[in-house]
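Heads up: the structure comes next, in structure tokens.
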Amino acid sequence: MPAERMSLTADPSRCVGAGHCVRSAPEVFDQSEDGTVVLLRAEVPESDGVLDALDLCPSLATRLG
Ligand code: SF4
């Protein structure tokens, strides 16, 4: 059965540059030169790495939807 797909948003203005998202799901998140989040893909298959990234973000900059 194919994985559910998730839509993601990332708000650089909320991001504090902690980098948890990049370490958890580097295929989905990157950081700009100033350390703030860059969303590489806005729709992805559900995965533990992406769910961890959302859970670990200290500033709620990354969200579903
Ligand atoms: S985990 Fe959150 S605060 Fe840290 S870089 Fe990613 S979006 Fe920014």
Side-chain angles (χ1 to χ4, degrees):
M1 195 163 95
E4 292 283 320
R5 293 190 73 80
M6 304 186 297
S7 296
L8 302 173
T9 63
D11 181 353
S13 71
R14 295 184 65 103
C15 174
V16 296
H20 299 306
C21 56
V22 179
R23 287 191 288 278
S24 297
E27 73 282 8
V28 178
F29 302 101
D30 198 356
Q31 286 174 283
S32 64
E33 283 187 11
D34 68 0
T36 55
V37 65
V38 175
L39 188 62
L40 301 176
R41 299 160 61 194
E43 193 177 305
V44 297
E46 186 174 316
S47 72
D48 289 344
V50 173
L51 293 174
D52 284 349
L54 300 178
D55 282 346
L56 291 171
C57 179
S59 62
L60 301 179
T62 53
R63 295 169 181 260
L64 291 175

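Whatever order the structure lists them in is the order used to number ligands and atoms, beginning at 1. Since we're looking at a predicted model, the values are computed, not measured. Note: hydrogens, waters and symmetry copies are ignored here, and every other heavy atom, side chains too, is used.
Side-chain atoms of D11 and R63, non-hydrogen and from C-beta on, never get closer than 4.5 Å to each other. Looking at heavy atoms from C-beta onward, F29 lies out of side-chain contact with L40 at the 4.5 angstrom threshold. For the pair T9 and T62, the minimum side-chain heavy-atom distance is 4.5 Å or more.
Shown in contact with A18 at under 4.0 Å from a heavy atom are these atoms of ligand 1, numbered in order with element: 3 (S), 4 (Fe), 5 (S). Less than 4.0 angstrom separates some heavy atom of T62 from each of these atoms of ligand 1: 7 (S). Residue-ligand proximity, A61 to ligand 1, at heavy-atom distances under 4.0 Å covers atoms 7 (S). Residue-ligand proximity, C21 to ligand 1, at heavy-atom distances under 4.0 Å covers atoms 1 (S), 5 (S), 6 (Fe), 7 (S). Every atom of ligand 1 is numbered from 1 in the order shown, and the set under 4.0 Å from a heavy atom of V37 is 7 (S). Within the listing of ligand 1, atoms 4 (Fe), 5 (S) sit less than 4.0 angstrom from a heavy atom of G19. Residue S59 approaches ligand 1 through these ligand atoms, each under 4.0 Å from one of its heavy atoms: 3 (S).
Taking both residues in full, the closest heavy atoms of L64 and M6 are given as CD2-SD, 3.8 Å, listed atom of the first, atom of the second, then distance.
Residue contacts with ligand 1, taken as heavy atom pairs separated by less than 4.0 Å, involve V16 via backbone and side-chain atoms alike. Both the backbone and the side chain of C15 come within 4.0 Å of ligand 1, judged by heavy-atom distances.
Among the atoms of C57, no N, O or S atom falls under 2.8 Å of atom 6 (Fe) of ligand 1.
Side chain of T36 to main chain of C15: no donor-acceptor pair is present (N/O by atom type, distance under 3.5 Å, no hydrogens or angles). The backbone N or O of H20 sits less than 3.5 Å from a side-chain atom of S24, completing a donor-acceptor pair.
No more than 12 heavy atoms of other residues, nucleotides or ligands lie within 6.0 Å of CG in D48, so this atom counts as exposed by the packing criterion.
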